[in-house]
Structures are given as structure tokens and as C-alpha cells.
Amino acid sequence: MQRSAHPAVTGASRLAKKAVVLAAGFGTRLRPFTAAVPKPLLPVWGEPMLARVVSWLRAQGVEDVAVNCHYLHGQVEDWCAKNGCRAVFEPEILGTGGVLNPLRDWLGGDDFWLVNGDIVFEAPDLPPSFASAPLAPDCIGCCLATEEGPRTIEVEPESGFVTNWHSPDPGWNGTWTYCGVARLAAKILDYVKPEGFSSIVEAYEAAMMDGRFMKAVAPEGLLWTDAGTVDSYIALNRDGGDDAFAEIPQIRATGLVPDAADAADGPEVRPVVFTGARGSDRAFFKVGGAGGAPGAFVIVYDDGKRAENARYAGHARWLKAHGIRVPDVLADVPQMKVMALENAGAVDLKERAKTRGEERLRDYVAVVEELARFNALAGSADALPPLEPPFDAALYKWERELFREHCLGTRFHMDMPPAVEKELEAVAERLAKEPPALVHRDFQSENIIFRAARPAASAVGGEGGEMRDDFKFIDFQGMRIGAAAYDLASLLYDPYVGLREGERRALAALYAKKTGRPEIVEVLPFAAVERLVQSLGAFGRLASVGRPEFNRHVSAALQNLLAAADEAGLDATGALAEDLIAREEARHDHGRHGHEGCSCGHHHGGEGAE
């Protein structure tokens with residue numbers, strides 16, 4: 001879709017001089033953006049959706065606009081006060097039909113518009129008669145329809161009347177999408193439920209039963225989207241022109257992007273680029289630095305279901321104060337649910353490990369040494385910041401259940417073998433006995449960011465001390481008290497990077513030396529089993545909610561689970577891992593005949609396979 005001016009209706013009738021714009025919804029599918037801003041006020045191409053709708057209505061001859069509001073209603077009320085609209089607050093949402101009840105007297109007896117305030121549409125070829133022609137006696141109104149979207153209504157081709165508002169065959173020939181843009185006869189009020197919540201579609205259906213129909217119009221050149229998901233909203237703004245993301249209120253709140261008026265006389269405007277969204281209810285933007293500086297990352301977050309998202313900035317400051325390598329906090333605006341961190345570097349450890357060959361061990365030495373310092377902060381003389389609940393029996397059980405449901409159940413259609421469950425319970429009991437440490441919880445290669453400079457040489461197991469490449473830890477908002485071996489296992493058995501057995505042993509020995517805990521080498525494979533079980537469950541859950549890219553890590557995670565189970569002597573878990581590897585290979589149909597077992601010498605009997 002491209003920007004276009006709204007053509008004014010010339011000679012428009014006085015039939016539709018008032019409009020009701022719907023802006024009370026929660027915008028749930030657009031979180032995290034709607035966690036602090038109501039969807040109608042989110043910008044598209046630099047202009048709030050609500051502003052675009054009101055501008056279009058005024059071009060059709062509308063003089064008075066009422067906007068209902070509920071969720072974050074104060075923002076909608078402020079916008080209406082500044083833009084000549086009437087805000088109508090609903091303490092309880094009344095629905096797309098119920099909204100009309102408190103406005104009956106205001107609407108009077110003339111036609112009026114009913115338009116969704118959180119859509120984006122353009123109708124450059126809309127016939128003037130759509131806005132001004134008198135409605136026929138058997139027509140309760142006219143609406144815009146499109147073949148885009150869910151296509152849930154059925155339209156009679158000759159008359160254009162909607163004959164079914166809930167098609168049993170959505171998406172088939174003859175079905176259309178109701179765009180949420182309608183000019184209605186005042187008579188529709190007779191069919192609106194007189195009190196409480198109701199949908200306008202219920203009124204349309206009641207009118208239809210009384211012989212009055214809605215006429216659907218699909219003009220040439222109609223462009224429409226409900227911008228209802230993060231993906232569609234981002235794609236829409238990418239299509240809209242230069243730096244459309246800079247006008248998102250959360251990004252504006254960081255102060256990193258100047259207003260247009262200030263930018264005209266100041267330094268060049270820093271570009272804002274969307275870099276991705278995560279299943280943890282966060283969206284990431286990169287703001288370029290002036291004069292080629294690294295710039296910043298802006299994180300828009302929702303803490304409604306994940307309270308830890310709001311703790312990131314505070315944790316970063318605390319860790320920085322205790323000498324841990326984390327990004328500087330450039331902005332923290334909790335009321336807008338946004339923060340900005342320094343751009344910590346150009347490449348993560350996962351990519352660096354692929355491109356730097358044997359030198360990657362030097363990176364891992366530096367990271368392991370820093371991890372030892374991080375984990376030791378549980379014993380800090382200073383009070384710890386607010387943390388997530390510690391690792392305990394309930395959390396370990398939750399990780400097992402995640403594995404059972406989303407890996408074994410959803411992906412492989414099997415249940416947890418009893419012998420495996422018994423072994424995993426024993427793993428949790430062993431980890432629970434470990435000394436308390438500050439645990440990152442997601443200490444894998446994508447959460448360690450390097451700058452591009454080449455590190456100084458360093459021997460494995462050396463004392464360190466010399467400055468290597470600058471790197472930073474990220475995504476530590478979920479840190480808590482637990483077993484340090486969990487973090488070390490997350491790094492050394494990371495499915496994203498194929499460390500060799502010798503590399504793992506050397507790095508584990510280095511960690512043991514730095515912490516004075518030689519016994520952690522024996523605990524490490526048990527922690528790896530626990531972490532990999534959690535990872536496989538997480539991969540399955542993320543794939544089930546529209547993140548299929550995580551499926552490609554399943555094979556590597558299963559291979560690592562087999563290796564860790566063998567090292568820990570967990571025969572049933574090892575047998576299960578072998579079985580799952582074979583199933584995964586068959587699933588991808590690579591022409592192999594399944595896993596032939598390993599040469600470790602451990603017995604993989606028990607009840608793990610079937």
C-alpha cells in the first residue's frame with residue numbers, strides 16, 4: 001500500500017454528516033506495541049490509524065465524529081480533544097453495536113458512518129454515490145468489502161447484498177471481507193440490542209430477517225488491512241516510505257530520534273530499522289548512530305504476562321555496577337514499556353564461532369571467565385535486584401512438562417517414558433543441591449554479542465587478565481538463583497554451536513579452576529540434560545506459535561542430549577534421545593536409515609524408546 005490523499009466528495013448530500021469511530025478494543029494481537037498505546041493511535045506511515053480514518057471521513061463530508069474508547073482511554077480522549085472529535089468513554093466495552101446506544105439522541109434520524117478506528121484503507125476510486133446517494137428502502141446501509149483478509153461474508157452477485165455474515169466456507173468463491181467501513185441508515189438503530197454488549201453484525205442480521213440488507217461495495221483500487229498482527233503492522237510500515245518506524249510512540253519516547261522540526265536544523269536523522277520480534281513479547285529496533293556511530297537498540301516490551309521484561313534495564317544497571325559486561329542503558333521509560341540499550345556489537349558468538357574456526361576457543365575462554373564472575377554475584381555484599389523465582393522443584397517440573405507437551409507430544413506424538421521421567425526427576429534433585437549462584441537462565445551463543453575487533457592471543461586455562469575483544473551479555477532479564485552448572489551447560493551444549501568434546505572439557509576445566517569448584521565438571525552433564533530438555537520443549541512451543549525457524553535446531557539439541565545423557569550415565573534418557581534422533585531423521589526424509597547408536601559403551605536399555 002502507498003500513501004494517497006483522500007479525495008473529497010463533491011456535492012455530498014447532508015445524509016451522513018456524523019460518524020462513530022470504534023477505538024475501544026485491546027489490540028491484543030499487536031502486543032507488545034499495544035501494551036502502552038491503544039492500537040488506533042499506532043502510526044502507519046507516520047500518522048495514527050485513527051487520524052487516517054478521521055481524515056477520510058471528513059473528506060466524505062462528515063462534520064461531527066464520535067470516538068468510543070475504553071482501553072487506555074486517556075490517550076484516545078487526549079487525541080480527540082486535540083483533533084476536534086467527541087470522545088465517548090465506555091467503562092465496560094459495549095461492542096460494535098452497543099456503542100450506538102448512548103449516542104442515539106446525538107445521531108438523530110439521518111444516515112451516519114460506523115467505521116473501525118484501527119484499520120488502514122484507501123479507496124481512491126470510490127463512487128461519490130457511496131457517501132451521498134439515498135439508500136433504497138430495502139437497504140439498511142452500504143459497506144466496503146474486499147477479497148483480502150478472512151472473507152467470512154457471502155454476497156449475492158447481482159444485488160450486491162450481503163446474504164450471510166458467517167459463511168461456513170470462508171475464503172471460497174463468493175465470499176468477501178467486511179472492511180469495517182459502513183454508511184448506515186438511522187433505521188439500523190431499531191435492530192441494535194437496546195442495552196448492554198452487542199455486535200453490529202447482530203443488528204445487520206436482524207435487519208436482514210426483516211427484509212433489509214447491507215449492500216457491499218468493492219471499488220477498484222481499494223486497499224485495506226486491519227494491521228492486526230505484529231508481522232502485518234511491520235510490513236505495512238516498511239511499505240510506507242522513509243523511516244516510518246520513527247513515529248512509533250515508544251520509539252519517540254526514548255528521545256533517540258529527533259522531531260522532524262528539530263531534525264531539519266540538527267544532525268542527520270538517525271534511521272530506525274525493525275530487527276525482529278521474539279516470543280517473549282518484545283520487538284526490537286535499531287536506531288542508527290549519528291556520523292556512523294554504533295547507535296542503539298530499542299526494545300518495546302509487554303510485561304503483562306512476562307514481568308521480567310520490565311526488569312531488563314534495572315538488571316543492566318546493577319550488573320554494570322558490579323563489573324559485568326552488559327550494554328549501557330540509554331533510555332528507560334517504563335510507563336511506555338520501552339527501553340534503549342547501546343548497540344553492543346556487530347556479531348553474536350554463534351556467528352563468530354562459525355566464521356573464526358579455531359580462534360573461537362579464545363572467545364569461549366573470555367566468555368567462560370566472565371560467566372564465572374556473573375554466577376558469583378549471588379554472594380555479593382550488595383542486595384540483589386528483584387529476581388525471578390529461584391530454580392526449585394516446581395520450576396524443574398515445569399521444564400519437564402514443557403518437554404513432554406511440546407517436544408514429545410506435539411512433535412513426536414508420544415508420552416514421556418516412565419524411566420525417563422524418573423531419571424529427569426533425579427537430575428532435578430541433584431541440581432537442587434548445588435550451591436546457589438546467580439543464573440542467567442538463557443546463556444546461549446545468541447545472547448553474547450561481540451564487536452568485530454580481533455582478540456589478543458590467550459592460552460586455554462590461562463589467567464586471562466589481558467583485554468580481548470569487547471563483548472556483552474544480553475537477555476539477562478530472567479536471571480534468578482539456581483545452579484551455576486545450568487548456565488555453563490547452556491553455553492557448552494548449545495544447539496546453535498557444535499563444540500567438540502575436547503573443547504567442552506577444556507572450558508569446563510577452566511570454569512572449575514576459576515570458581516574453585518572441581519566437582520562442577522561432574523555435575524555439568526546433568527545440568528546439560530536439564531537445559532536441553534527445556535530447550536527442546538521451548539523449540540516446540542515457539543514453532544507452534546508461528547516460529548518454525550526453531551525446528552532446525554531440534555536435531556542438534558537431540559544429539560547434544562544424547563551426549564550429555566551418556567556422560568551422566570542416564571540410560572533411559574539416552575535411549576529416548578536415540579529414538580528421537582531416528583524419528584527426526586525420518587521426519588526430514590534425508591535418505592538415512594536412522595541413528596545406529598553410539599560408541600560410548602553405555603547401555604541404552606530401559607524403557608526410553610517406545
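Just so you know, these numbers come straight off a predicted model, no measurement behind them.
Judged by a 6.0 Å distance limit and a 45° cone about the ring axis, R306 is not positioned over the six-membered ring of Y301.
Rounding to the nearest 0.5 Å gives a distance of 8.0 Å between CG of L438 and CG of D487. Note that CZ of F26 and CZ of R31 are 9.0 Å apart. Values are rounded to the nearest 0.5 Å. Summarising the geometry, atom CD1 belonging to I299 is positioned 12.0 Å from atom CD1 belonging to I251; distances are rounded to the nearest 0.5 Å. Distance check, rounded to the nearest 0.5 Å: CZ of R360 to CD of E503 gives 4.0 Å.
Between E399 and the options R541, R404, R441, a salt bridge (charged side-chain N to carboxylate O under 4.0 Å, His left out) holds for only R441.
Ring geometry for H440 against F473 counts as perpendicular: the plane angle is over 60°, on a 0 to 90° scale with 30° as the lower cut. The aromatic rings of F33 and F285 stand perpendicular to each other, their planes meeting at an angle above 60°, with 30° marking the opposite boundary.
Side-chain contact annotation: D442 with N447, donor-acceptor N/O pair under 3.5 Å present. Using modelled atom types, one finds no donor on one side chain facing an acceptor on the other under 3.5 Å when comparing E351 with Y496. Side-chain contact of S490 with Q444: a donor-acceptor pair under 3.5 Å is absent, judged by distance alone.
Ionic pairing of R504 and E501 is not present here: no N-O contact between side-chain nitrogen and carboxylate oxygen is shorter than 4.0 angstrom. Taking a cutoff of 4.0 Å between a charged side-chain nitrogen and a carboxylate oxygen, K337 and D303 qualify as a salt bridge.
E549 is listed as a side-chain neighbour of R552, based on a closest heavy-atom distance under 4.5 Å. L42 places a side-chain heavy atom less than 4.5 Å from the side chain of T34. Using a 4.5 Å heavy-atom cutoff, the side chains of L431 and E530 are in contact. Using a 4.5 Å heavy-atom threshold, the side chains of H322 and L319 count as separate.
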